[in-house]
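Along the sequence shown, residues carry numbers from 1.
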Amino acid sequence: LKMSMAQYLSKMTQIANLAQAGEAEMAIGVMQSQVGPLHQKLSASFDKLMQFKTAEANAAGEQSDKAYHATISLILVAAVIGLGLIALQGVFVGRSIARPLAAMQSAIARTAEQLDFRDSIPVHSQDEIGRTLNAYNALLARLRSSFAEIQQATGRMQAITSEAEA
């Protein structure tokens, strides 16, 4: 292709020189006999080159389409996995909040219904819920202590009353 191009340019220069020298018929003859076949050969070579480059471009386009689809698939899979992990984490966080609150609600209801201040709620964390449970347990301890003092005072009053009656 490189040699044909050089020959073509050389023949075109020769034709231009002949035309300037006034040899128009000779220039036309060189054009028909030598440049025409050379031009056809160059044209065929350029067509082959274009076909090759077009095929290369199409193959590159197909590769980029495959890479694009693979990337989209990977992103979708990662998003689904991420959403699943977030949902799973939500379940665990929800349970870690709901269980202690349910235990506290049950204990408070039992205490209110039975007026039984003996059962404390086990505390497994030091977050807001754990601190609330600690405060509730401290309240129960204080109530137990107050009722014990009231019972002792009542016992003393009964003893004093019994002594006074005797």
Side-chain angles (χ1 to χ4, degrees), residues 1-16 19 27-28 30-150:
L1 180 67
K2 199 175 193 181
M3 181 123 173
S4 295
M5 189 66 148
Q7 288 174 342
Y8 180 79
L9 291 174
S10 170
K11 292 296 177 187
M12 290 305 286
T13 303
Q14 181 183 3
I15 291 169
I28 291 173
V30 169
M31 181 97 106
Q32 290 174 345
S33 66
Q34 295 177 15
V35 174
L38 204 53
H39 176 54
Q40 288 175 350
K41 185 178 175 184
L42 278 175
S43 180
S45 295
F46 279 128
D47 286 344
K48 285 180 186 176
L49 181 62
M50 287 303 295
Q51 288 173 354
F52 177 73
K53 291 298 180 181
T54 302
E56 259 185 13
N58 289 340
E62 287 175 14
Q63 283 181 333
S64 68
D65 281 347
K66 286 178 184 177
Y68 170 76
H69 290 296
T71 302
I72 293 296
S73 297
L74 183 63
I75 288 171
L76 290 175
V77 166
V80 168
I81 289 171
L83 288 174
L85 290 174
I86 289 170
L88 189 62
Q89 185 179 13
V91 167
F92 286 126
V93 169
R95 284 184 182 173
S96 73
I97 293 170
R99 283 184 182 163
L101 287 176
M104 184 171 71
Q105 180 185 14
S106 175
I108 291 171
R110 187 174 55 252
T111 301
E113 289 172 7
Q114 301 172 5
L115 294 176
D116 181 6
F117 302 107
R118 292 177 290 173
D119 292 334
S120 293
I121 302 171
V123 178
H124 301 291
S125 67
Q126 291 304 316
D127 59 4
E128 292 82 7
I129 294 172
R131 290 192 298 269
T132 303
L133 293 176
N134 280 330
Y136 176 75
N137 288 337
L139 173 66
L140 287 180
R142 185 77 188 261
L143 287 171
R144 282 192 298 267
S145 173
S146 294
F147 282 124
E149 289 174 11
I150 291 170

Can you measure from OG1 (Thr54) to CG (Asp47) and round to the nearest 0.5 angstrom?
10.0 Å
Identify the heavy atoms of Arg118 and Arg144 that sit nearest to each other, and give their distance.
O-NH1, 3.5 Å
Could you pull out all residues at least two apart from Leu76 that satisfy side chain to side chain contact (heavy atoms under 4.5 Å, CB included)?
Ile72
Any donor-acceptor N/O pair, Thr132 side chain to Glu128 backbone, under 3.5 Å:
yes
Go through the steps to decide whether Asp116 and Arg110 satisfy the test side chain to side chain contact (heavy atoms under 4.5 Å, CB included), and finish with yes or no.
CA-CA 7 Å; Asp116 181 6; Arg110 187 174 55 252; 5.8 Å; no
Between CE on residue Met50 and OG on residue Ser45, distance to nearest 0.5 Å:
13.5 Å
Please report the closest heavy-atom contact between Ile121 and Asn137, naming both atoms and the distance.
O-ND2, 2.6 Å
Please say whether more than 12 non-hydrogen atoms of neighbouring residues, nucleotides or ligands are located less than 6.0 Å from CD in Gln105.
no
For Ala19 and Ala27, which heavy atoms make the closest approach, and how far apart are they?
N-CB, 4.2 Å
Thr13 side-chain N/O to Leu9 backbone N/O, donor-acceptor pair under 3.5 Å
yes
Report, one line per pair, each donor and acceptor closer than 3.5 Å where one atom sits in a side chain of residues 91-104; sequence neighbours left out.
unit_1	atom_1	unit_2	atom_2	d
Ser96	OG	Val93	O	2.8

Is it the case that the side chain of Thr71 and the backbone of Ala67 share a donor-acceptor pair, with hydrogens and angles ignored and the cut-off at 3.5 Å?
yes
Intermediate values then yes/no, side chain to side chain contact (heavy atoms under 4.5 Å, CB included), Gln63 and Lys66
CA-CA 5 Å; Gln63 283 181 333; Lys66 286 178 184 177; 5.7 Å; no
CG-CG distance between Leu49 and Leu42, expressed to the nearest 0.5 angstrom:
11.5 Å
Are there more than 12 heavy atoms of other residues, nucleotides or ligands under 6.0 Å from atom CZ of Arg131?
yes
In the structure I gave you, are the side-chain heavy atoms of Met12 and Ile15 within less than 4.5 Å of one another anywhere?
yes
What distance separates Glu56 CD from Lys53 NZ, expressed to the nearest 0.5 Å?
4.5 Å
Carefully, step by step, assess Phe147 and Leu115 under the rule side chain to side chain contact (heavy atoms under 4.5 Å, CB included).
CA-CA 11 Å; Phe147 282 124; Leu115 294 176; over 6 Å; no
